[in-house]
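Below, read A as the first sequence line, B as the second, and so on, with proteins coming before strands; counting in each chain starts at 1.
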Amino acid sequence: MLDVQKIRKDFPILNRTVNGKPLIYFDNAATSQTPQQVIDVIVDYYSNYNANIHRGVHSLSQEATDAYEQARIKIQKHFNAKHSYEIIYTAGTTHSINLVANGFSSLLKKGDEIIVSALEHHSNIVPWQMLCERTGATLRVIPMNENGELILSDYDALLNEHTKLVFVNHISNALGTINPIESIIEKAHAVGAAVLVDGAQSCPHLKPDVQALDVDFYVCSAHKICGPTGVGMLYGKEEWLIKLPPYQGGGEMIAEVSFAKTTYAGLPHKFEAGTPNICGGIAFGAALDYMNGIGFENIAAYENELLAYGTEQLQKIEGLKIYGTAKEKTSVISFNVGTIHPYDIGTILDKMGIAVRTGHHCAQPIMDFYKIPGTIRASFMFYNTKEEIDAFIVALKKAIMMLS
Amino acid sequence: MTIEEVQNEIIEEFAMFEDWEERYQYMIDLGKDLPLIEEKYKTDDNIIKGCQSKVWVHANMQDDKINFTADSDAIITKGIIAILIRAFSNQHPKDILEANTDFIDKIGLKEHLSPTRANGLVSMIKQLKLYAIAYQTQLN
């Protein structure tokens with residue numbers, strides 16, 4: 001079991017007030033808050049061993065390099081990658097996706113097909129559209145049903161010998177749907193296609209095993225998992241990372257340079273040009289330590305309780321409609337109330353210290369599907385409580401009253 | 001009344017309220033009285049960019065004075081634009097161009113003035129002033 005009152009003490013930001021009211025932070029799907037344990041690691045880095053890595057012979061550089069590479073091993077272990085060099089540090093999920101999309105430019109040709117799902121974030125649509133423009137490949141879309149679930153029979157029909165890549169998020173940011181990636185991966189592999197899974201929304205809630213999934217690429221951001229912004233990772237199977245050309249040129253990613261020819265460094269450095277976010281990488285590892293300390297099984301069980309409770313309370317409100325009612329979903333509730341604009345509700349909730357997301361959540365195709373301008377999205381993490389949900393419901397009712 | 005006089009009138013009205021709830025409630029009520037844009041002008045060209053909600057604004061000039069009409073699909077946004085239009089409507093383009101917008105701060109809506117706010121108040125002010133520039137050019 002998880003002791004939420006003890007956990008809340010780890011998060012200094014949860015003590016602050018907003019507009020004179022205690023902060024209730026329900027925008028976790030956008031970014032999670034940072035525990036003191038991770039903040040301490042960041043402070044320790046800049047206070048004690050800030051140095052550039054891999055190149056220096058001096059002690060500070062060595063310490064920083066060790067910490068950075070140990071964090072890579074933590075990430076490897078967390079995701080159960082076979083090798084630590086299959087973990088590439090990036091600036092975050094979007095950067096990871098672009099790295100792969102860019103690499104595939106040289107591997108695709110006209111007539112090839114790539115598949116994305118209807119549930120994607122813009123960051124998992126636009127890079128592939130750009131890739132299609134560059135290569136002449138065609139983009140296909142797995143449609144969704146009214147509950148916000150992917151229609152797998154349509155996916156089967158899209159797969160063929162021309163399919164080279166499949167991209168799908170593990171969990172939808174707008175609706176919280178958990179996609180059946182095991183089956184999506186297996187079917188893609190049956191036609192020889194590679195699969196990239198966007199784990200931005202799943203990694204805060206579950207612990208993916210990339211070897212068990214047999215996924216080719218898995219990407220995520222640290223800031224959704226109690227880590228800092230500006231750092232994330234790309235997991236790629238060794239064979240794929242060898243096939244992909246380097247993304248950016250610069251220091252760190254080379255073996256030898258002359259004006260006649262440069263040879264590239266091996267994995268993972270081939271994809272890590274320039275001075276990386278060293279402190280971010282180390283803090284990423286610390287964030288995973290923190291989450292694993294609580295335990296993902298405990299986290300999932302507790303968040304499912306919050307989801308069930310929040311859903312039940314919200315459904316009691318007249319005229320409230322929840323979007324995304326998949327059987328398998330995580331602690332994200334997207335909704336609207338009657339014809340009230342989500343922006344209006346979000347603004348009034350903010351006056352009462354409650355942070356939610358309003359708008360299209362960078363997933364306009366989903367909003368188009370439901371024919372709505374956007375939704376209000378409340379997303380819970382393990383440090384949220386039922387009492388906060390109660391306060392949120394009271395505030396929401398007040399907002400509805402003011403706006404009706 | 002001059003723009004400044006109207007602005008002072010609005011400031012006085014908002015000064016009567018003790019807390020944010022009353023202020024917002026009043027703003028919502030003002031939104032309900034917004035001089036509505038004619039349907040034919042509710043085109044994509046007249047949408048103000050930079051707002052999370054949709055805002056349409058139209059302007060016409062009569063006797064050298066500009067009148068604004070508008071609409072929005074969000075009620076708070078309607079209130080904000082109603083306040084702006086009340087201050088700027090039935091005014092000479094030159095006066096609109098020279099007017100400052102400090103009164104927004106003074107009526108307790110400062111948080112809406114940040115350029116990063118999704119409601120686009122800053123974009124709305126810019127759009128009203130752009131209309132004023134266009135009509136001023138016609139007058140010159």
Side-chain angles (χ1 to χ4, degrees), chain A residues 16-24 27 30-31 122 174 229 319 334-364 366-368 370-377 391 394-404, chain B residues 14 17-34 36-37 42-44 46-56 70-84 104-105 107-124:
Chain A
R16 71 160 281 183
T17 56
V18 169
N19 292 319
K21 307 276 163 47
L23 166 69
I24 294 181
D27 193 19
T31 200
H122 293 165
T229 55
S334 235
F335 65 94
N336 274 327
V337 186
T339 55
I340 304 175
H341 199 284
Y343 163 78
D344 284 330
I345 291 187
T347 303
I348 300 290
L349 289 177
D350 175 59
K351 296 303 289 182
M352 293 186 269
I354 298 169
V356 292
R357 191 71 151 194
T358 62
H360 53 57
H361 317 298
C362 296
Q364 279 175 353
I366 299 179
M367 302 302 134
D368 291 345
Y370 288 118
K371 298 187 175 58
I372 49 176
T375 68
I376 301 139
R377 183 187 69 187
V394 170
L396 179 61
K397 283 180 181 165
K398 189 167 177 176
I400 295 167
M401 216 173 64
M402 285 180 73
L403 295 163
S404 297
Chain B
F14 272 85
F17 304 121
E18 291 186 348
D19 59 16
W20 71 269
E21 266 180 77
E22 291 180 347
R23 273 202 308 277
Y24 271 72
Q25 198 63 64
Y26 185 58
M27 195 158 62
I28 290 164
D29 291 341
L30 290 176
K32 289 173 185 162
D33 295 331
L34 173 72
L36 282 182
I37 187 169
K42 273 173 94 167
T43 58
D44 286 353
N46 282 335
I47 290 183
I48 296 178
K49 300 274 183 296
C51 309
Q52 211 180 74
S53 50
K54 282 186 179 162
V55 186
W56 298 266
D71 200 2
S72 171
D73 55 352
I75 196 165
I76 293 174
T77 314
K78 261 174 103 161
I80 294 172
I81 192 84
I83 292 167
L84 283 179
I104 295 289
D105 190 354
I107 59 178
L109 297 175
K110 190 184 177 186
E111 71 251 32
H112 293 283
L113 270 180
S114 153
T116 55
R117 275 304 273 224
N119 67 36
L121 176 59
V122 172
S123 314
M124 289 180 210

Could I get the full list of ring-ring contact (aromatic ring centres under 6.0 Å, His included) partners for A:Phe335, not counting sequence neighbours?
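With neighbours one apart ignored, the set is empty.
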In terms of heavy-atom proximity below 4.5 Å to chain A, should B:Ile28 be classed as side chain, backbone, both, or neither?
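The side chain, not the backbone.
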Chain A heavy atoms under 4.5 Å from B:Lys32: which part of the residue, side chain, backbone, both or neither?
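For B:Lys32, side-chain heavy atoms alone lie under 4.5 Å from chain A.
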Between A:Ile348 and chain B, with a heavy-atom cut-off of 4.5 Å, which part of the residue counts as in contact: side chain, backbone, both or neither?
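Contact with chain B: backbone and side chain both.
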Measure the spacing between [atom1] of [X] and [atom2] of [Y] and express it to the nearest 0.5 Å.
X	Y	atom1	atom2	value
B:Lys78	A:His341	NZ	NE2	12.0 Å
A:Ile345	B:Ile75	CD1	CD1	11.0 Å
B:Met27	A:Met402	CE	CE	8.5 Å

Looking at side-chain heavy atoms only, is the closest gap between B:Asp73 and A:Thr339 below 4.5 Å?
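No, too far: nothing below the 4.5 Å cut-off.
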Does a side-chain heavy-atom distance below 4.5 Å link B:Lys54 with A:Tyr343?
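They are not in side-chain contact.
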More than 12 heavy atoms of other residues, nucleotides or ligands under 6.0 Å from NZ of A:Lys397: is that the case?
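Counting other residues, nucleotides and ligands, NZ of A:Lys397 stays at 12 neighbours or fewer.
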Do you know which two heavy atoms are closest between B:Thr77 and A:Asp344, and how far apart they sit?
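Scanning both residues completely, I find the closest heavy atoms to be N-OD1, 4.1 Å.
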Mind checking side-chain hydrogen bond (donor to acceptor under 3.5 Å, both in side chains) for A:Lys398 and listing every partner two or more places apart, or none if nothing turns up?
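For A:Lys398 the side-chain hydrogen bond (donor to acceptor under 3.5 Å, both in side chains) partners, ignoring immediate neighbours, are B:Glu21.
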